[in-house]
There are 2 protein chains.
Amino acid sequence: MGKQALDIFRQSLPILQVLSDSNRQDILLFLSENEKLTVNEITERSKLSRPAVSHHLKLLKNAGVINVEQIGTQRYYYLSMQEAVELLKKLLAALERDCL
Amino acid sequence: MGKQALDIFRQSLPILQVLSDSNRQDILLFLSENEKLTVNEITERSKLSRPAVSHHLKLLKNAGVINVEQIGTQRYYYLSMQEAVELLKKLLAALERDCL
DNA sequence: ATTAAATGTTTAAACTTTTAAACCAATAAT
DNA sequence: ATTATTGGTTTAAAAGTTTAAACATTTAAT
């Protein structure tokens, strides 16, 4: 592993962090099955309270794996995982190169 | 994302968790550069105390990304990331299929 | 303007993780 | 056998995370 690989590791940190929680994994699952969902729609499907869901959505948004679109009073959340997938691809390539 | 993808997500949890910490990333870096290292050798390179390093090594070992070989009083830690890389590959494939 | 609906924010409590200090166990060398 | 070296374990404190309750904000409809 070189400095280059370490950089990729560090860049991936926020995504790895955000993915390593089953509640957040569930939310991503819901969004992958539904295109766009509001906080309340996600809460219905989840075991968490609305504020907890809202909190996890914030984390997911900060990590760049979801995005929001406001329509009236409702906020529709949807996946935006292009960057995350790119990063994970790079990470995987680095791991295969240096760690096997 | 289907149930199948969720399973992969869940299986990856321990690896994602263990990778989403910069101290542990550092340890993996040291091991990728050095083949085999003792706790003390890792501690020299790290900013952590020896018990802290020992603790993180235990987590890494439980997640299956490293292994130990004892030679006399010394324990040599080394990478064993084949499984982790396989899992991450599957995860990535699921993400590309269902989340883009 | 008031009210209702949807959602975000703040705060406090519970829980988990991380760390270091002190201690213990095993091996090897004298 | 005694001692030194290596490394694991336990414990307690500190820091961080997660959750829910109460409160605040924003938009839409009457």
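Chain identifiers are assigned alphabetically (A, B, ...) following the order of the sequence lines, protein sequences preceding nucleic acid strands; residue numbering begins at 1 within each chain.
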So what does B/His55 touch, heavy atoms closer than 4.0 Å: a base, only the sugar-phosphate, or nothing?
base
Taking CD in A/Glu83 as the centre, count heavy atoms belonging to other residues, nucleotides or ligands within less than 6.0 Å. Is the count above 12?
no
Does NZ in B/Lys90 sit with more than 12 non-hydrogen atoms of other residues, nucleotides or ligands closer than 6.0 Å?
no
Both A/Arg50 and A/His56 contact DNA chain D. Taking the nearest nucleotide for each, which residue is further toward the 5' end?
A/His56
Would you mind writing out the side-chain donor-acceptor pairs for residues 72-79 of chain A within the sub-3.5 Å range, not counting sequence neighbours?
| unit_1 | atom_1 | unit_2 | atom_2 | d |
| --- | --- | --- | --- | --- |
| A/Arg75 | NE | A/Gln70 | OE1 | 3.2 |
| A/Arg75 | NH2 | A/Gln70 | OE1 | 3.3 |

Mind calculating the distance between CD1 (B/Ile66) and P (D/dG7) to the nearest angstrom?
13 Å
Nearest-Å distance for atom pair CG/P, residues A/Asp26 and D/dT18:
14 Å
Write down the distance between CD1 (B/Ile42) and P (D/dT6), rounded to a whole number of angstrom.
14 Å
Quick one: do B/Arg24 and B/Val65 satisfy side-chain contact (heavy atoms from CB on, under 4.5 Å)? Show the steps, please.
CA-CA 11 Å; B/Arg24 289 191 286 270; B/Val65 297; over 6 Å; no
Mind calculating the distance between CD (B/Glu41) and P (D/dT6) to the nearest angstrom?
10 Å
Do any N or O atoms from the side chain of B/Arg45 and from the backbone of B/Glu41 form a donor-acceptor pair under 3.5 angstrom?
yes
Whole-Å distance between D/dT17 C1' and A/Asn62 CG?
15 Å
Could you state the atom-to-atom distance from CG of B/Asn23 to P of D/dA15 in whole Å?
16 Å
Can any side-chain N or O of A/Ser32 pair as donor or acceptor with the backbone N or O of A/Leu29 at less than 3.5 Å?
yes
For B/Leu88 and A/Leu88, run side-chain contact (heavy atoms from CB on, under 4.5 Å): C-alpha distance rounded to whole Å, both residues' side-chain angles, the deciding distance at 0.1 Å, then the answer.
CA-CA 8 Å; B/Leu88 288 178; A/Leu88 289 178; over 6 Å; no
Is B/Thr38 close enough to D/dG7 that one of its side-chain N or O atoms is under 4.0 Å from OP1 or OP2 there?
yes
In whole angstroms, the gap separating P of D/dG16 from CD of B/Gln17 amounts to 18 Å
Ordered by number, residues from residues 68-77 of chain B within less than 4.0 Å of DNA chain D (heavy atoms) are B/Thr73, B/Gln74, B/Arg75, B/Tyr77
Nucleotide D/dG7, atom P - distance to CD1 of B/Ile27 in whole Å
13 Å
Identify the 5'-most and 3'-most nucleotides of DNA chain C with at least one atom closer than 4.0 Å to a non-hydrogen atom of chain A.
C/dA6 to C/dT9
B/Ile42/B/Asn34 under side-chain contact (heavy atoms from CB on, under 4.5 Å): CA gap, chis, key distance, verdict
CA-CA 10 Å; B/Ile42 293 168; B/Asn34 290 282; over 6 Å; no
Mark yes when over 12 heavy atoms from residues, nucleotides or ligands other than B/Gln82 sit less than 6.0 Å from its CD; otherwise mark no.
yes
